[in-house]
Protein chains: 2
Amino acid sequence: MYFCKPRLSAIGNRLFFKLSTVDNQLISFTEENYLKIIYLLTERHNGNEVSTNKLAEHTQTKAASVSDMLRKLAEKNYINYRKYQGVTLTEAGEQIALGVIRKHRLWEVFLVEKLGFGWDEIHDIAEQLEHIDSKELTKRLDDFLGNPQFDPHGDPIPDAKGKMPSVSYQKLSEITLNQSVVMMGVSVHSPSFLQHLDKQQITLGCDLKVLEISDFDKSYGLLLNNKIRLFVSNEVARNLLVC
Amino acid sequence: MYFCKPRLSAIGNRLFFKLSTVDNQLISFTEENYLKIIYLLTERHNGNEVSTNKLAEHTQTKAASVSDMLRKLAEKNYINYRKYQGVTLTEAGEQIALGVIRKHRLWEVFLVEKLGFGWDEIHDIAEQLEHIDSKELTKRLDDFLGNPQFDPHGDPIPDAKGKMPSVSYQKLSEITLNQSVVMMGVSVHSPSFLQHLDKQQITLGCDLKVLEISDFDKSYGLLLNNKIRLFVSNEVARNLLVC
DNA sequence: ACAAAATTTTAGACTAATCTAAAAATATAT
DNA sequence: ATATATTTTTAGATTAGTCTAAAATTTTGT
């Protein structure tokens with residue numbers, strides 16, 4: 001039999017819950033999560049600082065816990081942190097975040113393409129798989145999947161060096177009357193939203209022509225794949241990414 | 001964006017590092033590991049109690065830590081524990097252990113069959129993947145792999161209900177002169193042992209005929225696949241499983 | 001510009017899982 | 001059979017990550 005200490009590891013007296021190594025720095029599972037969330041929220045806020053409260057909301061912890069963690073991440077030089085002013089990632093922090101996001105999105109491709117999961121079922125599983133620590137595994141998985149550039153939600157997959165494929169999506173809600181666009185992604189990944197799209201047969205890659213924009217509620221009348229008439233609320237239109 | 005609390009979860013004030021749920025009981029990552037190791041050591045010791053020191057050795061912790069954990073696992077009724085007398089698994093504990101072992105071995109098949117890893121490279125990665133908590137994922141992975149009964153080391157894979165395929169392997173060291181056998185598994189998974197076998201082209205499923213057993217050191221002279229003469233030490237012969 | 005509201009940080013406490021050192025129980029050897 | 005050695009457990013401490021409550025800072029509204 002051959003065992004090894006798998007994901008808990010004691011360094012000196014210190015217990016780390018799942019480690020990965022970047023430049024010989026130990027990164028805990030929890031730290032990876034914070035960095036990933038900071039990356040995604042910064043991206044969503046066009047590069048602006050992310051606030052403690054926003055982080056508390058998305059890590060599902062309390063602001064006090066976030067403050068503690070921010071102090072720690074700042075000490076390790078993963079984030080730029082001025083008290084009360086929110087945070088952004090340093091270069092080092094961004095590389096770690098991109099590594100986690102890369103794994104998350106590759107696993108999502110695996111779950112959909114190889115195991116036949118729906119795009120509404122994969123998030124929570126990928127949330128676990130994204131922390132598996134093996135460079136070689138990530139590389140081989142990437143090759144096995146055919147080096148995909150985008151995940152099943154249309155999100156770009158960073159390459160091994162952390163470089164993101166460039167994307168220039170617009171929201172469907174920004175598209176004007178009679179324009180034809182291709183559905184490229186979603187900006188919300190909640191199962192209920194994705195299932196709503198499934199019901200209307202709106203899938204990645206489908207054609208959408210804007211036939212009508214309601215004056216009343218800004219809902220959209222669409223022609224799907226030059227065949228089917230359908231209507232989506234403005235809420236849906238704001239979360240559909242097209243080009 | 002859609003986040004969820006992935007693998008750390010607070011119940012009341014309690015922090016769990018990675019949870020899985022069996023009968024609504026929360027099982028931490030660490031508990032899963034202890035149960036798995038108790039299962040494997042009990043199996044190896046023909047159903048006899050496992051000692052605290054043996055567990056400390058295999059969990060890579062100290063005996064004092066093991067004692068603490070045993071108390072906890074006994075409280076939750078995962079193990080039968082009489083102080084100073086070692087432990088065995090209860091039915092509940094065994095089911096959890098078998099679930100972890102099932103995932104470990106399925107992932108090993110995936111790593112070798114789909115990603116092209118060598119059998120000497122997969123243990124540490126599977127050690128992480130075995131804790132991914134999703135019934136549906138395990139089921140789909142199992143189907144994707146063609147419902148394998150054995151992993152790349154020849155170890156049996158328990159089914160979804162925890163039932164192990166029955167195996168009746170013998171050690172090569174128990175085989176008598178001139179017998180022909182098929183290589184079915186290994187009882188040690190260390191990379192160095194597996195690489196040693198690779199060098200000699202000893203693989204799962206190969207034919208081995210015992211041509212010679214040295215009086216001096218009990219090493220074995222073998223005929224591999226009716227073609228190649230080779231010699232293995234008694235140490236190797238004891239860890240090759242055949243039938 | 002200042003008071004009130006909101007946000008963020010600090011202080012102090014808790015849990016899981018570990019540790020070391022010491023005490024208790026069991027096993028071994030003469 | 002008893003002293004010694006080994007193994008196991010207990011006691012007390014530590015760390016990461018969380019919590020609540022209170023204090024500090026920033027933002028907002030008049």
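If you're wondering where the values come from, they're calculated on a predicted model, not measured in any experiment. Per chain, numbering begins at 1; letters A, B, ... match sequence-line order.
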Whole angstrom is fine here: how far is it from [atom1] in [X] over to [atom2] in [N]?
| X | N | atom1 | atom2 | result |
| --- | --- | --- | --- | --- |
| B:N33 | C:dT18 | CG | P | 9 Å |
| B:Q85 | C:dA27 | CD | P | 6 Å |
| B:E49 | D:dT7 | CD | P | 17 Å |
| A:K62 | C:dA11 | NZ | C1' | 17 Å |
| A:L73 | D:dA16 | CG | P | 12 Å |
| B:K54 | D:dT6 | NZ | P | 16 Å |
| A:M69 | D:dC19 | CE | C1' | 14 Å |
| B:F29 | C:dT18 | CZ | P | 10 Å |

* B:E130/B:R105 salt bridge by N-O under 4.0 Å criterion ->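 The answer is no: the pair does not qualify as a salt bridge.
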Under 4.0 Å between a side-chain nitrogen and a carboxylate oxygen: does that hold for A:K36 and A:E127?
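Yes, charged N to carboxylate O under 4.0 Å.
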Short side-chain N/O contact to [N] OP1/OP2 from [X], under 4.0 Å:
| X | N | answer |
| --- | --- | --- |
| B:K83 | C:dA25 | no |
| B:T52 | D:dT9 | yes |
| A:N53 | C:dA6 | no |
| A:Y84 | C:dT10 | no |
| B:S51 | D:dT7 | no |
| B:Y81 | D:dT9 | yes |

task: Assign B:S67 to base, sugar-phosphate, or nothing according to its heavy-atom contacts below 4.0 angstrom with the strands shown.
output: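 Contact class for B:S67: base.
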Using a heavy-atom cut-off of 4.0 Å across all strands, would you classify B:S65 as base, sugar-phosphate, or nothing?
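Here B:S65 touches the bases of the nucleic acid.
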Are the aromatic ring centres of A:H123 and A:H104 under 6.0 angstrom apart?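 That pair passes the under 6.0 Å test.
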Item to check | Validation row, ring centre A:F29 to ring centre A:Y34 under 6.0 Å | outcome: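 So the answer is no for these two rings.
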Practice task
Determine whether B:H189 and B:D155 make a side-chain contact, defined as any pair of heavy atoms from C-beta on separated by less than 4.5 Å.
Solution key: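 Heavy-atom side-chain distance check passes, below 4.5 Å.
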From D:dT18, D:dT26, C:dT9, pick the nucleotide closest to the side chain of A:A63?
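Selected nucleotide: C:dT9.
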Looking at the side chain of B:D68, which of C:dT18, D:dC19, D:dT9 is the nearest nucleotide?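 The nucleotide sitting nearest to the side chain is C:dT18.
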